[in-house]
Amino acid sequence: MKITHVTLAMVTALLASGCGQKETAKGGNSAAAPTQTEANAAATATSTPAEKTAARVIEITANDQMKFSVTRIEAKAGEEIKVVLRNVGQLPKEAMGHNWVLLKPGSDVNAFSTTAMSARDKDYIPDSLKNQIIAHTALLGPRQSDEVTFVVPAAGEYPFLCSFPAHAMAGMKGVLVAK
Ligand SMILES: [Cu+2]
């Protein structure tokens, strides 16, 4: 799911930049001033909606003290959000890996965390509980980052956690509140 979102974003970015370069090249080579004006106007018109629909970025850091820098996110139902998680710690991934997992309203964070402990080969994303997950990042080692983009489905309180063993119990959890 994450890979699909990232790939789409990259394709969109590439298409956008490609179009921009094409318009610029056309305008620069053309001797006719009106054509260049039209090209610029068209470029402006197409870029404005793209900016309006861009996902809101929430940057979160995770550290060796098992803390997220953000534990509460306020959002609107239907809003597109991009969470960028950065592991700012030094300890190796095997001892202090971090991820960010957003669950459906009503999910039990502690139960999820406990089940996730036995899913080490899946980076602590247990197959049996995937139906509780709205979105999640990769498991990150020191100085790594990852992002995930999702649409907030509806109003409600969506718990999130780091599913590395015992991290949620130590406080690596929070809530996204959608209105
Ligand atoms: Cu963690």
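These values consider heavy atoms only, across backbone and side chains, with no hydrogens, waters or symmetry-generated copies. Order of appearance sets the numbers: ligands from 1, and atoms from 1 within every ligand. Because the structure is a prediction, the values reported are computed rather than measured.
There is no side-chain donor-acceptor pair under 3.5 Å between T137 and N99.
Applying side-chain contact (heavy atoms from CB on, under 4.5 Å) to I73 and the options V175, V177, I60 leaves one that passes, I60.
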task: Test side-chain contact (heavy atoms from CB on, under 4.5 Å) on K122 and D127 and set out the steps.
output: CA-CA 8 Å; K122 303 276 181 170; D127 285 336; 3.2 Å; yes

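Residue-environment remark: NZ (K82) stays at or below the threshold of 12 foreign heavy atoms within 6.0 Å.
Looking at heavy atoms from C-beta onward, F112 lies out of side-chain contact with P159 at the 4.5 angstrom threshold.
Excluding waters, the count of protein N/O/S atoms less than 2.8 Å from the Cu ion (ligand 1) comes to 4.
Contacts of F164 classified as ring-ring contact (aromatic ring centres under 6.0 Å, His included), with partners at least two apart in sequence or in another chain: Y124, H167.
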